[in-house]
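One is the number of the first residue; the rest follow in order along the sequence.
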Amino acid sequence: MRKLQPHSSSSYLSFLHSRSPRATNLPTSSDFCSRSTVRSRRRRRSTIMRFFSDHYPTSVAGGGPIVALLLLLLPIFSPTLFKPHGCASPSLFSEWNAPKPRHRILLEEALQRRTLDEVKSSLWEPLNPQGWKPCDKSSNINLPDFPKASSRRGYIQVFLDGGLNQQRMGICDAVAVAIILNATLFSTFGYSTFADIFDVDRFIDVLKDDVSIVRELPPEYSWSTREYYSVAIRATRVKTAPLRASAHWYLKNVVPVLSSYGIAAISPFSHRLAFDNLPDEIQRMRCKVNFEALDFVPHLKNLGDIIVQRMRLPFYPQLDLNDEYRQESIFENHRSRKFVALHLRFDKDMAAHSACDFGGGIAEKLALAKYRQTLWQGGVLNSQFTDDELRNQGRCPLTPEEVGLLLAALGFDNDTRVYLASHKVYGGEARLSTLRKLFPLMEDKKSLASKEELAMVDGKASLLAAVDYYVSMQSDIFTSASPGNMHNAVECYRTYKNLKTIRPYMPLLGQLFINKSMDWSEFHNAIQAGHKNRQGQIRLRKEKQSIYTYPAPDCMCQT
């Protein structure tokens, strides 16, 4: 069994990194060419270049731009000509060329930064009480305008799609709809991974006094499956639920189906219940499901606890991370370390959808445009705004380099432990390299847990996201590279528990990163001023805003 050598913190980090290879988006060995193939491609490229030189000489007016345009289009029409030459020599047209730092002046000064002890101390201080707390729990639901328990009608079945956080919101809404209709909720939720992620026994037990929930449909309804509804129009399927439908809509449109058939399958069921004009009891039930009934299955919590514990371990010679007794004795005699959980929301989907420029050159722009067209079939168009305009509007996700500069300007130094909560990062390790320079003690679940410990979640996106969600809930500070479902869900939980969460001020950051001549002092001062009140302060939900982002005042009461 491998053990840490009694060296510095870099030895500890090297050991952790050696436990499991990093997941990257870099090309695999199959993407590279044999020597004979490389020679063949070079000969073909030379022939093509001579053809352009003979037919479009640069001395002819306008010939140069034509040649340049044709050369830029060649990788699209003949991609095999422009695959990488080999491991050490990526093609000029390869999407995977590692982008150079885009903010070199800021980066060079950030790497030399020194943070005062009093600043570091204030960063980790917990939030002061803000006059709000979770509302008292009550199971006495009194809804005079809704059906009584004695008139319970049939079964409600919903089919959930999307990732972990979409499913979480859908489950909360499904319970609320079942209460509105006074129907029994079927808890399998279609093909979702509900039972793989959430503790079904706890879910049913916590809600047993509020809503009727069953694990299985009676035999007479066993035919009601996703396959049954996918092949033909069915009278028991309700597929016309509008986005943010009111309680009245469900009473008017679903009750007749329940009365006629005893079961109603609502699909699609994503964002299908309004946030406004609902009884307080219904809102409180959504809160109860979100914060109490939905608990992760034990093996996910155990894995999350292992990761959190290892993030908090002090550097210690001869430490075996599999020796629980040894770890416990260390915690008894040493103060555990604090850490930041960073949700680096920078995958290829996000990069393509934003239509922003991330410094990868023309090859990256063409690749993302093609990916955008392939994935969304024209549903997401190339932006009509320039990159500067998009950044001024705060519509560009932060790159790993930019979120690293943000954290550095907030006062986190290179001794800060950072947990990287992300599934895949567009550009892989090459894109992460600058962030690692700023925060060398950055870890993720694959560097902190063994392959055996990760076996039950490996390759399962929702389970991996659940682990990141759990660790982020336990962190001392949470932040993300851009707003999104994951950020909103974690921020909601941490607001409910009065925990510190940094919300990046995206328009300000966009404007600062456009300015290539800004020095560190000016950048640091602007970041400090712009994020002074964006570290977990209560924000009351406004009309049409999500209860799953803003828990006050629906889920929280004033003290």
Side-chain angles (χ1 to χ4, degrees), residues 134-135 137-149 151-162 165-190 192 194 198 200 202-214 238 241-255 257-258 264-295 488-489 492-493 496 541 543-556:
C135 295
K137 313 301 185 298
S138 174
S139 296
N140 297 320
I141 299 178
N142 180 23
L143 302 173
D145 297 329
F146 297 90
K148 303 297 182 184
S151 59
R152 195 178 301 281
R153 301 184 179 93
Y155 296 87
I156 288 293
Q157 185 176 12
V158 300
F159 296 102
L160 303 178
D161 295 301
N165 299 301
Q166 291 92 326
Q167 291 186 40
R168 191 182 192 97
M169 292 184 286
I171 293 164
C172 297
D173 287 349
V175 171
V177 168
I179 292 174
I180 290 170
L181 300 174
N182 211 353
T184 296
L185 180 64
F186 178 36
S187 69
T188 61
F189 300 107
S192 78
F194 177 69
F198 299 108
V200 179
R202 175 180 171 83
F203 175 73
I204 295 175
D205 184 64
V206 170
L207 301 174
K208 63 185 178 182
D209 296 327
D210 306 303
V211 61
S212 175
I213 303 174
V214 295
V238 179
L243 294 173
R244 309 298 179 215
S246 66
H248 176 73
W249 187 93
Y250 283 99
L251 292 169
K252 179 181 178 181
N253 294 276
V254 182
V255 166
V257 178
L258 290 173
I266 308 174
S267 178
F269 193 74
S270 178
H271 308 292
R272 301 292 159 169
L273 182 62
F275 291 123
D276 304 299
N277 301 317
L278 289 173
D280 290 343
E281 291 91 339
I282 295 296
Q283 298 289 64
R284 297 280 170 84
M285 278 307 304
R286 292 162 108 173
C287 304
K288 185 174 182 178
V289 178
N290 192 22
F291 297 116
E292 295 181 60
L294 289 178
D295 197 20
N488 294 341
C492 182
Y493 172 87
Y496 189 74
R541 188 179 71 84
E543 187 178 0
K544 296 184 179 180
Q545 288 183 329
S546 172
I547 196 174
Y548 306 119
T549 303
Y550 306 94
D554 301 272
C555 305
M556 304 181 73

Side chains of Trp249 and Val254, heavy atoms from C-beta outward: is any pair under 4.5 Å? yes
Sorted by chain and number, sequence neighbours left out, side chain to side chain donor-acceptor pair (under 3.5 Å) with Arg168 holds for Asn290
With rounding to the nearest 0.5 angstrom, report the CG to OH distance, Asp554 to Tyr548. 10.5 Å
Stepwise, does the side chain to side chain contact (heavy atoms under 4.5 Å, CB included) test hold for Leu185 with Val175? CA-CA 7 Å; Leu185 180 64; Val175 171; 3.9 Å; yes
Please round to the nearest 0.5 Å and tell me the distance separating atom CD1 of Ile282 and atom CG of Asn277. 13.5 Å
CG of Asn253 to NE2 of His248, rounded to nearest 0.5 Å, is 8.0 Å
With a 4.5 Å cut-off on side-chain heavy atoms, are Met169 and Ile547 touching? no
Heavy-atom closest pair, residues Gly170 and Leu160: CA-CD2, 3.9 Å
Given the rule in the disulfide (SG to SG under 2.5 Å) test, do Cys555 and Cys135 qualify, once you have shown the distances and angles that lead to the verdict? CA-CA 6 Å; Cys555 305; Cys135 295; over 6 Å; no
Inter-residue atom distance Phe203.CZ - Ser187.OG, 0.5 Å rounding: 7.0 Å
Could you give me the CA-CA distance, side-chain angles and deciding distance for Phe291 and Tyr496, then say whether ring pair (Phe, Tyr, Trp, His ring centres under 6.0 Å) is met? CA-CA 9 Å; Phe291 297 116; Tyr496 189 74; 3.8 Å; yes
Which atom names give the shortest non-hydrogen contact between Cys492 and Pro551, and what distance separates them? O-CG, 3.7 Å
Hey, mind stepping through Arg272 and Ile266 against side chain to side chain contact (heavy atoms under 4.5 Å, CB included) and telling me if it holds? CA-CA 9 Å; Arg272 301 292 159 169; Ile266 308 174; 5.6 Å; no
Point-to-point distance, once rounded to the nearest 0.5 Å, from CG of Leu207 to CD of Glu292: 8.5 Å
Examine distances only and state if a side-chain atom of Gln283 and a backbone atom of Phe275 form a donor-acceptor pair shorter than 3.5 Å. yes
What's the spacing between Glu281 CD and Ile179 CD1 if we round to 0.5 Å? 10.0 Å
Between Ser270 and Leu243 the two heavy atoms that sit nearest each other are O-CD2, 3.6 Å
Just do the salt bridge (charged side-chain N to carboxylate O under 4.0 Å, His left out) check on Asp173 and Arg244 with the steps written out, would you? CA-CA 10 Å; Asp173 287 349; Arg244 309 298 179 215; 5.1 Å; no
Worked verdict on Ile180 versus Leu273 for side chain to side chain contact (heavy atoms under 4.5 Å, CB included): CA-CA 11 Å; Ile180 290 170; Leu273 182 62; 4.2 Å; yes
Write down the atom of Leu278, the atom of Ala247, and the distance for their closest heavy-atom approach. CD2-CB, 3.7 Å
Are side-chain heavy atoms of Gln166 and Asp161 found at a separation under 4.5 Å? no
What are the two closest non-hydrogen atoms of Gln167 and Phe194, and how far apart are they? OE1-N, 4.1 Å
Could you tell me whether the side chain of Asn488 reaches within less than 4.5 Å of the side chain of Asn165, counting heavy atoms only? no
Shortest non-hydrogen contact from Ala274 to Arg286? O-NH1, 2.9 Å
I would like to know whether Arg202 and Asp205 meet salt bridge (charged side-chain N to carboxylate O under 4.0 Å, His left out); could you show each step before the answer? CA-CA 5 Å; Arg202 175 180 171 83; Asp205 184 64; over 6 Å; no
Check against side chain to side chain contact (heavy atoms under 4.5 Å, CB included), Phe269 and Val238: CA-CA 10 Å; Phe269 193 74; Val238 179; over 6 Å; no
Is there side-chain contact between Leu181 and Arg153, with at least one heavy-atom pair below 4.5 Å? no
